[in-house]
Amino acid sequence: MFFSLLAGAGVASAAGVPTLQDIVVTSDRNGLLGVAESATEGTVTAKQLANRPSLRPAEVLESVPGMIVTQHSGDGKANQYFLRGFNLDHGSDFATTVMGMPANIASHAHGQGYMDLNFLIPELIDSVKYRKGVYAADDGDFVTTGSARIDYRRTLAAPVAELTLGQRGYRRFLGAGSTEVNGFQLLGAIEATGYDGPWEQPENLRKLNGIVRLSQGRPNNGFALTAMAYQSDWAATEHVPERAVASGEIGRFGALLPNDGGKTHRYSLSGDWAATGQDGSRNVNVYVVDYRLNYFASPSGFINGLQGDQHEQEDRRTTWGGQAARTWVLGPAWNDTELTAGLQLRQDRIRNVGLYNTVNRVRTDTVREDGITETATGLLLEARNQWTDWMRTTAGLRHDRISADVSPSSGAFNMGNGGHARASQTSPKLSLVFGPFGEKANTEFYANAGYGFHTNDVRGATSVVNPADGSAAERLALFSKARGSEVGMRMQPLPGWNSSLSFWRLDLGSELVFVGDEGITEPRGASRRHGVEWANYITPNDWLILDGDIAWSKARFKEAADNGGTHVPNAIPVTASLAATIDHGSRWFGGVRLRYLGAYALEETGQQKSAPLWTVNLKLGYRVAPKTQIGVDVLNLFDRKGNDIEYWGGACTRSEQAGGTCNGGIDGRLVHPLEPRTVRVTLKMAF
């Protein structure tokens with residue numbers, strides 16, 4: 001275990017005022033000195049998240065320094081993520097697990113690595129452990145920019161009920177509690193959410209979410225069995241041509257076509273067990289997930305006619321797998337080496353991954369249907385040595401293998417594109433740590449290097465024909481190799497102030513770039529990135545948390561595109577955030593967060609750029625009684641009128657198609673507006 005966690009909960013009193021306190025987990029940030037392997041890993045605790053205002057569940061990942069989470073469609077769809085100069089699309093180069101279960105989906109109908117975190121219940125999150133880069137042996141597929149491991153609580157101090165009401169039809173209920181049963185802890189929660197949003201076509205989001213967790217002991221010495229169920233359906237307003245808003249053809253929150261959106265579900269069962277002793281540790285986790293998505297979208301509008309370009313993407317699968325790892329402490333004869341060996345296994349049994357042309361959600365034509373069995377295995381070996389009191393190393397080796405069978409799921413709609421594909425990659429990794437130095441042992445230096453990867457959709461490795469037009473298709477490699485390096489430092493300039501600085505570089509063998517007129521991503525060739533990150537976490541006392549970070553990066557293709565440019569579209573060069581949370585146990589508590597996104601290139605020449613954007617979110621709470629509190633969230637506090645996302649691509653409006661000016665699509669700026677200032681009020685009661 002890299003991080004030491006202390007838990008506490010209950011009803012406390014400060015200045016004679018009884019207060020309802022959430023169960024929280026606090027992390028000893030000083031404990032990272034002497035155990036961390038890089039300057040860009042850390043743990044975000046429940047205490048940090050408790051008073052953090054957010055619009056969507058996946059925004060918990062914005063607690064990872066430099067991470068940006070947005071949306072270009074409805075709230076039932078996976079979010080858009082950005083980190084280290086990457087447009088991660090829906091998760092293609094950042095891996096997330098939730099209680100050991102992978103959230104990224106391989107060979108997905110909408111996009112490789114699709115990472116839908118709308119099933120998260122933020123109030124139940126115990127910790128978010130994150131790592132940047134490709135330097136850890138237990139990080140596999142999609143870990144290019146980094147990874148996050150989200151774990152839920154095992155107990156709650158008392159049963160809790162929350163009711164939230166907000167503007168534009170927002171309503172949410174959460175009920176959660178835990179109890180002891182014959183020496184075991186049983187936790188349960190249920191969540192129901194609805195939302196229309198500011199859109200001219202109401203979103204009509206309907207989400208149901210639930211969890212039951214049986215556990216005993218702690219994460220490093222105990223077990224947990226977890227059942228989760230999530231389903232959602234919604235109407236979406238996609239990104240639209242900016243010119244359509246400027247001309248008045250549609251409003252700022254309007255849509256080109258009605259009835260985009262979709263429905264999805266995720267049902268899972270998982271188990272994990274761990275034991276830690278003087279001779280080392282052992283851990284095992286297993287999982288099975290039933291997943292489905294039917295997603296309707298028309299990102300190009302009316303290129304193909306006045307009926308519109310809506311299509312449906314369907315994904316139906318069962319994913320199962322797990323991992324087992326064993327760590328040995330070898331003793332003085334081996335310099336007390338900590339040796340870890342592990343095995344990871346995942347299989348996706350995809351009943352159907354399909355693409356269909358539709359009109360108002362009614363299928364009119366099948367473009368392609370496939371059934372896929374995709375099996376991924378990973379073997380890892382890692383050795384950690386403390387050579388002197390000021391130097392330690394971690395050397396890792398990882399071997400991954402992908403094997404897949406692709407066949408028509410019904411009929412012959414994959415046009416002979418089926419077949420078998422297999423590939424493997426070996427990834428060495430190394431971390432050097434020097435320190436801690438100084439009179440108070442408060443400074444460490446790091447050097448990291450390694451290889452990682454993201455996989456490509458296995459259909460790309462077996463396809464010979466483009467099903468859209470019958471043209472020849474170029475087969476893609478299953479693995480896109482990444483080579484990364486990083487140097488950095490971690491220090492404590494003053495008591496309570498923890499700061500880290502890093503300089504990094506990453507070479508990627510195949511870039512994924514958004515194609516606006518098709519609403520998909522496609523590989524575009526090799527790229528190179530480098531950047532610098534500075535993150536700060538300040539706790540001058542036990543009731544105030546300040547955190548701030550700034551990140552700069554440069555992303556370029558190694559070879560120029562057809563237009564002569566080398567910019568990677570949608571790679572944000574500058575991000576920054578500044579946040580404060582206050583809770584000294586009196587009646588009042590709250591938090592505020594400012595987020596900044598710098599202008600980024602929309603196409604390879606860099607001539608077309610997005611507008612820079614900053615927003616502020618605010619949370620303010622008041623404890624009415626020991627077990628009752630009221631909170632107010634004000635999201636987009638200053639009512640900024642920017643765009644959540646901007647693209648450059650081809651599309652046509654209805655009037656352009658009707659007037660004969662479409663000509664196969666008009667390139668231009670595609671935008672999805674930032675939601676206006678939104679106020680939400682929450683009543684929370686404990687029992």
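This is a predicted model, so every value here is computed, not measured.
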Are the side chains of V134 and N448 in touch, meaning some heavy atoms are under 4.5 Å apart? no

Return yes if some donor-acceptor pair links the side-chain N/O of Q112 with the main-chain N/O of T455 below 3.5 Å, else return no. yes

If we ignore angles and hydrogens, is there a donor and acceptor under 3.5 Å between the side chains of S500 and R490? no

Just checking Y451: does its OH atom have more than 12 heavy atoms from other residues, nucleotides or ligands closer to it than 6.0 angstrom? no

Could you check if a side-chain atom of M67 sits within less than 4.5 angstrom of a side-chain atom of Y130, using non-hydrogen atoms only? no

Does the pair R149 and D151 meet the rule for a salt bridge (Lys or Arg N to Asp or Glu O under 4.0 Å), with working shown? CA-CA 7 Å; R149 288 168 169 79; D151 196 16; over 6 Å; no

Could you tell me which non-hydrogen atom of L345 sits nearest to which non-hydrogen atom of Y287, and how far apart they are? O-OH, 3.8 Å

So which heavy atom on R595 is nearest to which on L597, and how close? NE-CD1, 3.6 Å

Roughly how far, to the nearest 0.5 Å, is the CZ atom of R131 from the CD atom of E41? 6.5 Å

For D549 versus A535, what's the shortest heavy-atom pair and its separation? CB-CA, 3.9 Å

Is there a donor-acceptor pair under 3.5 Å between the side chain of S553 and the backbone N or O of G531? no

Are N335 and W387 close enough that a side-chain donor and a side-chain acceptor fall under 3.5 Å? no

Is the NZ atom of K440 crowded by more than 12 outside heavy atoms at less than 6.0 Å? no

Can you tell me if Q344 and D138 form a side-chain donor-acceptor pair at under 3.5 Å? no

Side-chain heavy-atom pair D336, Q386 within 4.5 angstrom cut-off: no

Determine yes or no for a side-chain-to-main-chain donor-acceptor pair under 3.5 angstrom, with S92 supplying the side chain and D89 the backbone. no

W334, CH2: over 12 other non-hydrogen atoms inside 6.0 angstrom: no

If you measure from CH2 on W273 to CG on L225, what distance do you get to the nearest 0.5 Å? 13.5 Å

Using a 3.5 Å distance criterion without hydrogens, assess whether the side chain of E37 forms a donor-acceptor pair with backbone atoms of L430. no

Return each pair, listed once, that meets salt bridge (charged side-chain N to carboxylate O under 4.0 Å, His left out) where at least one residue sits in residues 278-289; pairs must be two or more places apart or across chains. D279-R326

Roughly how far, to the nearest 0.5 Å, is CG of D507 from CZ of R528? 4.0 Å

Looking at M228, Q185, M99, which hits side chain to side chain contact (heavy atoms under 4.5 Å, CB included) with R213? M99

Give, for atom CZ of F86 and atom OG1 of T145, the distance between the pair rounded to the nearest 0.5 Å. 6.5 Å

Any chance you could lay out the side-chain contact (heavy atoms from CB on, under 4.5 Å) test for V329 and Q278, step after step, and finish with the verdict? CA-CA 8 Å; V329 180; Q278 292 183 348; over 6 Å; no

Would you say the side chain of I125 lies within less than 4.5 Å of the side chain of Y152, judging by non-hydrogen atoms? yes

For the residue pair A555 and G85, what are the closest heavy atoms and their distance? CB-O, 3.8 Å

Return yes if some donor-acceptor pair links the side-chain N/O of N104 with the main-chain N/O of G113 below 3.5 Å, else return no. yes

Is a side-chain N or O of R52 found less than 3.5 angstrom from the main chain of E62, in a donor-acceptor match? yes

Do the side-chain N and O atoms of Q48 and T581 include a donor-acceptor pair separated by under 3.5 angstrom? no

Mutual orientation of the aromatic rings belonging to Y114 and H108 [parallel < 30°, tilted 30-60°, perpendicular > 60°]: parallel

Closest non-hydrogen atoms of P436 and D389, given as atom of the first, atom of the second and distance, are CD-O, 4.4 Å

I'd like to check L61 versus M115 (side-chain heavy atoms, cut-off strictly below 4.5 Å). Are they in contact? yes

Take L187 and R154 through the test side-chain contact (heavy atoms from CB on, under 4.5 Å) and record every step on the way to the result. CA-CA 6 Å; L187 180 147; R154 298 189 175 200; 6.0 Å; no

Do T144 and R529 come within less than 4.5 Å of each other through their side chains, counting heavy atoms only? no

Treating E444 as the side-chain partner and F434 as the backbone partner, does any N or O pair qualify as donor plus acceptor under 3.5 Å? no

For L339, does its backbone N or O pair with a side-chain atom of T337 as donor and acceptor, under 3.5 Å? no

Decide salt bridge (Lys or Arg N to Asp or Glu O under 4.0 Å) for K132 and D139; before the verdict, give the C-alpha distance in whole Å, the side-chain angles of both, and the deciding distance to 0.1 Å. CA-CA 10 Å; K132 307 279 189 68; D139 284 336; over 6 Å; no

Taking everything shown except W534 itself, do over 12 heavy atoms lie less than 6.0 Å from its CH2? no

Side chains of T443 and M489 in contact at under 4.5 Å (non-hydrogen atoms): yes

Do H454 and D141 come within less than 4.5 Å of each other through their side chains, counting heavy atoms only? yes

What residue among T375, T373, T377 forms side-chain hydrogen bond (donor to acceptor under 3.5 Å, both in side chains) with Q347? T375

Expected output: side-chain N221 to main-chain T276 donor-acceptor under 3.5 Å: yes

Between the side chain of T226 and the main-chain N/O of S270, is any donor-acceptor distance below 3.5 Å? no

Could you walk me through whether F184 and F223 satisfy the side-chain contact (heavy atoms from CB on, under 4.5 Å) test, starting with their C-alpha distance in whole Å, then the side-chain angles of each, then the deciding distance to 0.1 Å, before giving a yes or no? CA-CA 10 Å; F184 299 94; F223 80 93; 3.6 Å; yes

When rounded to the nearest 0.5 angstrom, what is the spacing between CZ in R593 and OG in S54? 9.5 Å

Going by atom types only, do E486 and Y135 share a side-chain donor-acceptor pair under 3.5 Å? yes

Does the pair D116 and R266 meet the rule for a salt bridge (Lys or Arg N to Asp or Glu O under 4.0 Å), with working shown? CA-CA 10 Å; D116 183 0; R266 181 189 183 278; over 6 Å; no

For the residue pair A137 and G396, what are the closest heavy atoms and their distance? CB-CA, 4.3 Å

Show your working on side-chain contact (heavy atoms from CB on, under 4.5 Å) between D400 and F479 and close with a plain yes or no. CA-CA 10 Å; D400 289 274; F479 286 87; 4.1 Å; yes

I68 CD1 to L88 CG distance, which is reported to the nearest 0.5 Å: 11.0 Å

